[in-house]
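So you know, we letter chains A, B, ... as the sequences are listed, proteins then strands, and number each from 1.
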Amino acid sequence: MDLTIGPNQFFWQAEQQRAFYAALAESDATRVVLGEVVCSKRLPFWQAEIPQAVEALLAAGKEVALTSLGLITLKRERKLTADLMDMGLPIEINDLSALQKLPQDREFWVGPLVNVYNDSALRFLARRGATRVCLPPELPIEAVAALCRVGDELGVAVEVWGHGRLPLAISGRCYHARLHDRAKDNCQFVCGEDPDGREVETLDDQKFLVVNGVQTLSHSTATVAMQITALQEAGVSAIRLSPQIGAFDSLVSGYADRLSGKISGQDLVSKLEAFDPAMDLSDGFLTGAFGAEWSAEAS
Amino acid sequence: MMELVCPAGTPAALRAAVKAGAHTVYCGFADETNARNFPGLNFSREDLAEAVQFAHVHGAKVLVAINTFPRAGAEALWHAAVRDAEQAGADAVILADLGLLDYAAEHHPALRRHLSVQAAAANPDAINFYAETFGVRRVVLPRVLTVAEIAAINSEIDVETEVFVFGGLCVMAEGRCSLSSYATGKSPNMNGVCSPASHVVYAEEGGELAARLGGYTIHRRPKDAPAPYPTLCKGCFTSGAQTGHIFEDPVSLDATELIPQLAKAGVTALKIEGRQRSRAYVAQVVRAFRGAVEAQAAGQPLPKSALAKLTEGQAATTGAYAKTWR
């Protein structure tokens, strides 16, 4: 099993993006998917960073792919998707409509925002050229294992969501703009004020969700720290770490140490808790009764 | 005349809808293969065969929704649903999953395929992909598009479109939302339920009624005030200094007044949400909409909507169609 770094879900300043990918080039990650997955309006602010980041990552020996948007609606977003196909890099589709723009003979990766729930869906995508699929985070371990068996037979690498706030929903509406009483078209890019998303609590002060522009994420950071053995047994080929603010490369090395057996799951959990004491953890989608559940707490 | 596509959670509701003027009725089997997998709802195989016969005698069509995402290792259940829908004489199946569409196109090519809203095909590329790849003939559009966007989509596709005009309103891209399973373990995609009643607990606390879903407080209302069902995305939450309906108000969709614009935008069929509703509700809504589409076809002014009382939380919205949130 190795490490994939997913596209940054949040809206960071160009300098932050630059420093982030420079550090990633030196990290233990095997591959990096980058690009804008949440909102096309953010792209002009940081797209100039992408070629440099790609170059540095490739020079460091990483596999690199570019992501499509997670929700493609506007004409310019469809054009943007078509343009992605000419960048000379593998594409990770996170909205199925990107397939309509993808040349028939082109290999591609499938991201966690595409619904791959069963054998037939995986077989269809493999036939179309998919070589790597990150499964939707909602899937339980039994389904992951079943899909790994099919992936193995088809030569498709199967990934699971390994670390990060869970992408639970995406919408045509922007909740960040709504919170600021602005229309989506006049959002003034307020999602940039919350580089790990804006927290949403219940009326009883339970930490619950975070809003990230048009996306809604879990408040908890999902982690497979306690599930590595189970994932290895299931045949998972990579775990995906989702960028967050802070010394992310230290998190990457924590997961790398766990994969190589240098540290235990509990050691990794301690490392995560030290990274940010306010971070609440979950792994309920894989093995629990519901997504927000955390196995280490239950035991 | 625009086609009126109406919900039926039970055979009785189906008969009521047909008698009230539904051109088409949609329903599902009583299992996790459809996105309204609620206790006490839906059709057995025999129910469906009888319902199809009844509908056809009365000149109406029956669509079968098989619109959840089949569970890995258990796809036979979904395959059987497609086969049995065809055997019962259904006029089409409504599908969302790539794998199931592929299966149905290959094994049941003569059975007409509609794309469920759960596939959230929100642009012409997505729709053309499903049409060209799986022979989909009609697409149910997501509830996030404006009338102008619907018109633009229709100008770039060759298949029919169907849009929701009444009932519950999803604000997230449908079929791509796991909020419910994050809180309860049960999701629309995998289990055919959202914010399931089995995980709802009400508690009287200090003169208020708290409604919790999977332990998370979704809203609190004064004890005597009407309390909407605690659907997760319509809950009342706090973010920073703000408290309110962060995602969506507890309103439901009523796009009656937009019917002429939807017709002009090239929409083939109007869909009413609510397979979980009573047959009395269904009959009342269908009658009102039949009147509206007849008036529209005759070029007459639309009758004033008499449906306000039926909408969730007593408030209705035209949703995204009128573009108030852009």
* **Salt-bridge present (B/D249, A/R178; N to O < 4.0 Å)** => yes
* **Segment of A/V210 engaging chain B (4.5 angstrom heavy-atom cut-off)** => neither
* To do: Any chance you could measure A/D86, atom CG, to A/I91, atom CD1, to the nearest 0.5 Å?
  => 9.0 Å
* Run the salt-bridge test on B/R212 and B/E205 with the 4.0 Å N-O cut-off and return the result as yes or no. => yes
* Measuring heavy-atom distances to chain B, does A/H219 have an atom under 4.5 Å in its side chain, in its backbone, in both, or in neither? -> backbone
* Where on B/D102 is there a heavy atom nearer than 4.5 Å to chain A: the side chain, the backbone, both, or neither? -> side chain
* Structure fact -> Of the listed B/A119, B/P124, B/C170, the one with the largest count of heavy-atom pairs under 4.5 Å with chain A is B/P124
* **Option in A/C187, A/P136, A/S218, A/A146 with maximal non-hydrogen atom pairs under 4.5 Å from chain B** => A/S218
* **Heavy-atom proximity to chain A below 4.5 Å, by part of B/R176** => both
* Asked: Between A/R132 and A/E159, is there a salt bridge with N-O shorter than 4.0 Å?
  -> yes
* To do: For the pair B/F247 and A/Y175, name the ring-plane relationship: parallel under 30°, tilted 30 to 60°, perpendicular over 60°.
  => perpendicular
* **Proximity breakdown for B/E156 and chain A, heavy-atom pairs closer than 4.5 Å** => side chain
* **Between B/I218, B/T217, B/I153, B/L98, the one whose heavy-atom pairs under 4.5 Å with chain A are most numerous** => B/T217
* Using 4.0 Å as the upper bound for N to carboxylate O, is an ion pair formed by A/D204 and B/R220? -> yes
* **Ring centers of A/F124, B/Y103 separated by less than 6.0 Å** => no
* Asked: Charged N to carboxylate O below 4.0 Å: is that the case for A/E92 and A/R240?
  -> yes
* Structure fact -> Of A/V116, A/T202, A/L166, A/L139, the largest count of non-hydrogen pairs under 4.5 angstrom with chain B goes to A/T202
* Asked: So which part of B/L232 gets closer than 4.5 Å to some heavy atom of chain A, the side chain, the backbone, both or neither?
  -> side chain
* **Top of B/A122, B/G73, B/G214, B/C236 for chain A proximity - count of heavy-atom pairs under 4.5 angstrom** => B/C236
* Who among B/S187, B/C233, B/A120, B/P142 has the most heavy-atom pairs with chain A under 4.5 Å? -> B/S187
* Asked: Looking at A/R127, A/R123, A/E77, which one has more heavy-atom pairs under 4.5 Å with chain B than the rest?
  -> A/R127
* Any idea which of A/L203, A/L125, A/T216, A/L122 has the most non-hydrogen atom pairs under 4.5 angstrom with chain B? -> A/L203
* Does A/D119 pair with A/R149 as a salt bridge, N-O distance under 4.0 Å? -> no
* To do: Under 4.5 Å heavy-atom distance to chain A, tell me which part of B/S180 shows up: side chain, backbone, both or neither.
  => neither
* **Which portion of B/T184 sits near chain A, non-hydrogen atoms under 4.5 angstrom** => backbone
* Sort out for me which of A/L179, A/L99, A/L96 touches chain B most, counting heavy-atom pairs under 4.5 Å. => A/L179
* To do: Would you mind checking if A/E193 and A/R198 are paired as a salt bridge, meaning a charged N to carboxylate O distance below 4.0 Å?
  => no
* Asked: Do A/K101 and B/D125 meet the salt-bridge criterion of a basic N to acidic O distance under 4.0 Å?
  -> yes
* Salt-bridge contact B/K234-B/E248 (side-chain N to carboxylate O under 4.0 Å) -> no
* chain B contact via A/E199 - which portion, at a heavy-atom distance below 4.5 Å -> backbone
* **Under 3.5 Å donor-acceptor, B/T68 side chain and B/T33 backbone** => yes
* Between A/A145, A/S220, A/A98, A/P140, which has the largest tally of heavy atom pairs under 4.5 Å with chain B? -> A/S220
* **When B/F129, B/F69, B/Y130, B/Y216 are compared by non-hydrogen pairs under 4.5 Å with chain A, the top option** => B/Y216
* Structure fact -> With chain A, the option among B/H245, B/H219, B/H199, B/E174 that has the most non-hydrogen atom pairs under 4.5 Å is B/H245
* To do: With a 4.5 angstrom heavy-atom cut-off, could you sort out which part of A/F285 is near chain B: side chain, backbone, both or neither?
  => side chain
